[in-house]
Each structure stands twice: as structure tokens, then as C-alpha cells.
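Along the sequence shown, the residues carry numbers beginning at 1. Counting convention: from 1, in listed order, for ligands and their atoms alike. Reckoned from all heavy atoms, side chains included, excluding hydrogens, waters and symmetry mates.
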Amino acid sequence: MPNDRAGFVYDRRLTEHVYRPDHPLKPERLRGVYSTLAELGAFERPNGDLLAPRDATIEEIQRVHSPEYVAAVMQASAEPDREYSRWGMQQRGDTPPFRGMHEASVLTTGASLVAAEEVSGGRARVAVNYAGGLHHAMRSRASGFCIYNDPAIVCRTLADRGMRVAYVDIDAHHGDGVQAAFYDTDQVLTISLHQDGRTLFPGTGFAEERGRGAGAGYSVNVALPPYTDDEAYARAFDAVVPVLVARFRPDVLVTQQGIDAHFTDPLTHLMISTHAREHCVRAFAAMPYPWVAMGGGGYDLDAVRRTWSLEYLIMLGAEVPAELHDPDPPHATGERRRAVDSATDAAVRDAMAAAFR
Ligand SMILES: [Zn+2]
């Protein structure tokens, strides 16, 4: 260890649930990632393993969620037409109750735990569950399309084994549920790069949210301006992530790789392309730690397909074919260039000033 093996957790059952026919989060999006990788021969490579998910146990879910909340999700799963708004679930809201939601969510969470077990057991240097990364769920509340917080459950499970965990969240939205789960501890460092909460859900993720007590300085937030493009994003990432992760000296790296920061994503206003993502994922791959990766947001299905396929090829150490890349990424110019650069640099300055020493 570290070896060169990579694992990809997949089963068609991870893609079959439907939140609501008009809902933007479409688990079926993973089928395109899987079939693209299959066509490229990714699953036949000698250093790659296709891993089957398992169900998370109730005990594992309750490492992060309250028993009352888990009971409410189980009831909503069986009887979705009743009232669950006190648990963050509403028919016309972001996170509607739907039949089978508990079963789909324990499988999604178990898939992330399989990735974590593959890595912590030394069988792979990196393993990824693109069905996971549901970073908004809180201890007793569903939020922002997220029912059980699999990244928090993974971090908690690894931390309970005595490991120091560095969690890096590059979804366009603040990783608020994971931050909240580890706000009081220095055993899990959380770093989130996201669109400024004044302009996007969930409205949090400012530099001054830096953790509390023993955790002071171990929650790090980089609140990027709308229209942040590849150039500004990569500069922010490079100024914060490698420096703080190295300073923290983790035993394991956990990443949430939502791709809703993509310039074609319908839900956000960040403007990055596959090129900035390649840069970030190569930086994760270059770090000398075992690495557990998850998906997250991503609502332009073709951007999801190309980006996550490209990312897994990087994890494998395979070549990335040009057809997965955006041919013509956006690039801010003129007044917008100056505005994006100055707001990005301020976000980096504030994040680094609030971080642990
Ligand atoms: Zn998101």
C-alpha cells in the first residue's frame, strides 16, 4: 500500500429509483457512466475491479442519523403519501417521500461503505461509488435530494477505527451535512469548495464556519463567486486543498465529486469544464493516501457521463480519450474576469485565514 488498484462500485439497482418524474436528480444517469466505461474497456483492465454494493445496516446508518429519523424514512418508504415535512420530506419539495426510498438509500450508502472497505482493507488504492455523495442529509432531516448522508457515514466509520480523515467536497453546493457531522472534532477535516451560499442552496459554507471547540479550524469553506471558470477554480483548489490536506497528514482521503459545477449544469452558476475536473482529480490521485471517492450532484446527464467516466480512467491510471472532454470550455474575460478573480482570491484568503495551523 498504496498499490495501483482501483475499484468501481456498480449495480443497476443503484440506478432504478425515481424521486419524482420531474425531479432533477436522476439516478439513471449512472447507466451512461457505466456503459461509457464498459465501451472503453475500463472494466477489463488488470488493475480495476467492479465491486458489488451491499445494503448498509441500520446500525451503520445510525452512526450519523437519529433512530427517530431512520424510523420516519422507513415509514415514508412504505407509506409515501403521509405527512413527513418535520423530517425534511415533502411531496413537492426537494426531497419528496417515495416508495422504496429507504431500501434505495441503504443500498446507496452500503455501496459507499463497500468502497471504503476496499480501500481500508488495502485491496485498492482508490474506490469510487458514483451513486453516493449525498452530502446535505442532516442527523434528523432529509435535505437537498439527500436522505442518508453516505459520505458522513463513511468518514465516521473510518474515524471510529482511529483514522484521521480528510474530506474534500468539490460539488457546486456546500457540503453542509458532512460539515455538521464533524463540526466539533479535529479527527475529520472537511474542506468544501462551492458556489457562494448567498447565491445558491443551502445558503451556508462561509469561511467563518470554521468548526468549534476541538474542531475549530477543521471545517474549511471556499465560497466561490458565480461564473467561476476553470482558471479561477483550479487556482482556488491548488491554493487550498493540497496545502491543507498535507498539513493535516490524514490516514485516508474521502472525496465528494458532484459535477454540478459544470458550465452546462441547469442548477448552478459555476462555469467549470471537464478540464478543471481533470486537474482536481489528478491532484487527488497524486496524493499519497488511500482514497475513497463518491459522486454527488450533476444534472446535465451528458456532462455527468463524460466527467465521471474521465475521472475513473484517471483513477485507473488509464489514458483519457479526447471525446470525453468539453471541446470549448468557457473563459471569463474583461470585467467579468476581474470580478471572478478578485472574488475567488478573497474566498481563498478567507478560507486559509480561518483554517487550522
Ligand atoms: Zn450539488
Side-chain angles (χ1 to χ4, degrees), residues 14 17 19-20 22-30 33 88 93-96 105 108-109 112 128-138 141-152 154-155 167-181 190-206 209 219-229 233 236-237 241 254-274 276-277 280-281 284 293-308 311 347:
L14 290 164
H17 54 296
Y19 280 68
R20 199 173 52 218
D22 66 345
H23 196 281
L25 178 53
K26 302 199 182 302
E28 68 184 54
R29 65 195 172 148
L30 296 184
V33 179
D94 280 351
T95 321
S105 301
T108 299
T109 303
S112 291
V128 61
N129 170 31
Y130 278 119
L134 299 167
H135 60 169
H136 296 304
M138 295 291 176
R141 185 163 50 85
S143 176
F145 318 160
C146 302
I147 299 154
Y148 297 143
N149 193 321
D150 60 291
V154 163
C155 291
Y167 171 78
V168 183
D169 187 319
I170 55 173
D171 192 278
H173 300 90
H174 177 221
D176 56 344
V178 184
Q179 172 177 294
T190 65
I191 303 175
S192 180
L193 277 77
H194 46 262
Q195 184 178 327
D196 190 325
R198 287 172 297 185
T199 58
L200 192 69
F201 178 90
T204 54
F206 301 101
E209 296 163 37
S219 293
V220 177
N221 286 296
V222 186
L224 299 165
Y227 307 111
T228 297
D229 61 359
Y233 192 95
F237 182 95
V241 176
V254 178
T255 57
Q256 197 274 19
Q257 299 178 192
I259 181 55
D260 43 9
H262 193 270
F263 68 94
T264 59
D265 194 275
L267 264 54
T268 79
H269 313 94
L270 297 180
M271 299 291 272
I272 76 158
S273 79
T274 53
R277 282 306 283 260
C280 298
V281 173
F284 292 144
M294 286 157 234
Y299 309 100
D300 173 333
L301 272 50
D302 191 60
V304 169
R305 179 187 71 79
R306 290 181 294 109
T307 308
W308 287 352
E311 291 179 355

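Geometry note: the Zn ion (ligand 1) is the vertex, D171 OD1 and D260 OD2 are the arms, and the angle is 110° (rounded to 10 degrees).
Checked against the Zn ion (ligand 1), the N, O or S atom of H173 at the shortest distance is ND1.
The six-membered or imidazole ring of H174 lies near that of H194, with a centre-to-centre distance under 6.0 Å. A ring-centre distance under 6.0 Å is not found for F263 and Y227. Between Y299 and F145, the ring center distance clears the sub-6.0 Å criterion.
You'll find the side chain of H173 stays beyond 4.5 Å of the side chain of Q256, heavy atoms only.
Taking 2.8 Å as the criterion, H194 does not count as a coordinating residue of the Zn ion (ligand 1), since none of its N, O or S atoms falls below it.
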